[in-house]
Amino acid sequence: MAEGQIPEDPKTQVENARKAFEQEFERFARFTGAQPATTALSLEQGEAEQRALTELRTRHLGKKSPLAGSKKMIGQVAAEERATFGQLVQQTEAGILQKVGDAEQTVKTLLEAARIRRETIDVTLPGRRPRRGHLHPITLVRERIEDIFVSLGYAIEDGREIETDFYNFEALNIPENHPARASQDTFYTTEGFALRSQTSTVQIHAMQRRGAPVRMIAPGRVFRRDTPDPTHNPMFFQVEGLCVDRGITMAHLKGTVAEFLRRMFGPNTRTRFRPSYFPFTEPSAEFDFSCFKCGGAGCRICKFSGWIELGGSGMVHPNVLLGAGVDPEKFSGFAFGLGIDRMCALMYELDDIRLLFENDVRFLEQFD
Ligand code: 2NL
């Protein structure tokens, strides 16, 4: 109450408190009544209205509210009017309480509806499916090769990619300063290790561990000191085969390679062997197969020769058998090697082998 004003009588004060409330409550009127006019509130709007109502309640019914103040003035009311005054205060208070309570209840209900709306999920919407991957084309070709050799009774062996000089060179009859070290040049560590330049290393380990007889293939990643171009990559995949037993001859080699290529490229595939040289085989031969595309008539794939060069082979050199702990007087064996990526590039008609290692999904997706 401002100074200098005539103090209001308690009844007027109660009346003024009621009026002040009514005025402020006007904007919440839409939340009262049997059927509140408001049908929807956003979550944010609802929470704001809830806060506003709590403040309104404190302002008009709290300890410092004008109504609480007028209650204390009951002493100034004439004794015979006290009962009526008390009733007036009570009725006013109950009226305010009723209205605020009603509005709070309505806002609470609307807020609940807004929360449910926000959390609703449409269970009929299609799910977000993760994209299904698939095997790399090199893996697809490797698995086909593995299946063929497993059916011929060969084991599949795996080994390390970092090797000692012994397994990568010495044991394969490539001593230091041998010219073959140049073509098999690879990457070396300072500790005297090398990244394997062929998977023969796996076969040396297997012969040492299991002895003879042995029939196995060793597919895997190998490394060479090569500058990348459409037909070369310093890292590529190879599969080598090895068959050691009593009385193994070049005929077994030719029959095995020919059967493998027939299963790979069709029953009419022909194979031919050309004399060659490898330090780890004697005699040695490279092998070609009749073009799977034109059948030998000549086309772009076989460079119009009718033949496709594929790999190298030969009879395991006695020094290699000896070095791996196998007696060359009792056992003989054949071995061969071919590049998986080269075979993959041929089969899928890729004109650049490097595509296989770029991991561009737009390329890889085509091999699903
Ligand atoms: C090629 C040539 C070849 C071998 C690999 C081999 C393995 C042992 C003993 C003797 Cl344990 N030889 N492997 C033999 C001849 C050729 O690979 O052009 N590879 C892509």
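Just so it is clear, the values below take in all heavy atoms, side chains as well, and ignore hydrogens, waters and symmetry mates. Note that the structure is predicted; figures quoted are calculated from it, not measured. Indexing begins at 1, ligand by ligand and atom by atom, following the structure's order.
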Side-chain heavy-atom pair L56, F21 within 4.5 angstrom cut-off | yes
Those residues at least two apart in sequence (or on a different chain) that pass ring-ring contact (aromatic ring centres under 6.0 Å, His included) with Y348 are F367
Under 4.0 Å between heavy atoms, the region of S313 that gets near ligand 1 turns out to be backbone
Ligand-side contact atoms (ligand 1) for residue partner T281, heavy atom cut-off under 4.0 Å = 10 (C), 12 (N), 14 (C), 15 (C)
For atom 9 (C) of ligand 1, state which one of N173, T201, V244, V316 supplies the nearest heavy atom.
-> V316
Just jot down the ligand 1 atoms closer than 4.0 angstrom to any heavy atom of E240, in number order.
-> 4 (C), 5 (C), 6 (C), 7 (C), 13 (N)
Residue that, paired with F336, satisfies ring-ring contact (aromatic ring centres under 6.0 Å, His included) out of F149, F260, F278 | F149
In short, side chain to side chain donor-acceptor pair (under 3.5 Å) pairs touching residues 143-160 with sequence neighbours left out are R142-E146, S151-R263, E157-R209, E157-R210
Please report which non-hydrogen protein atom sits nearest to atom 17 (O) of ligand 1, along with the residue it belongs to and the distance in Å to one decimal place.
-> G337 CA, 3.5 Å
Out of F334, F280, F287, whose heavy atom sits nearest atom 14 (C) of ligand 1?
-> F280
Are T231 and D229 linked by a side-chain donor-acceptor pair shorter than 3.5 Å?
-> yes
Nearest-contact summary for atom 18 (O) of ligand 1 - protein heavy atom, Å | G312 N, 3.5 Å
Partner of E24 under salt bridge (Lys or Arg N to Asp or Glu O under 4.0 Å), chosen from K19, R59, K99 = R59
Judged by heavy atoms only, the candidate from Q238, M216, Q203, R342 nearest atom 11 (Cl) of ligand 1 is Q203
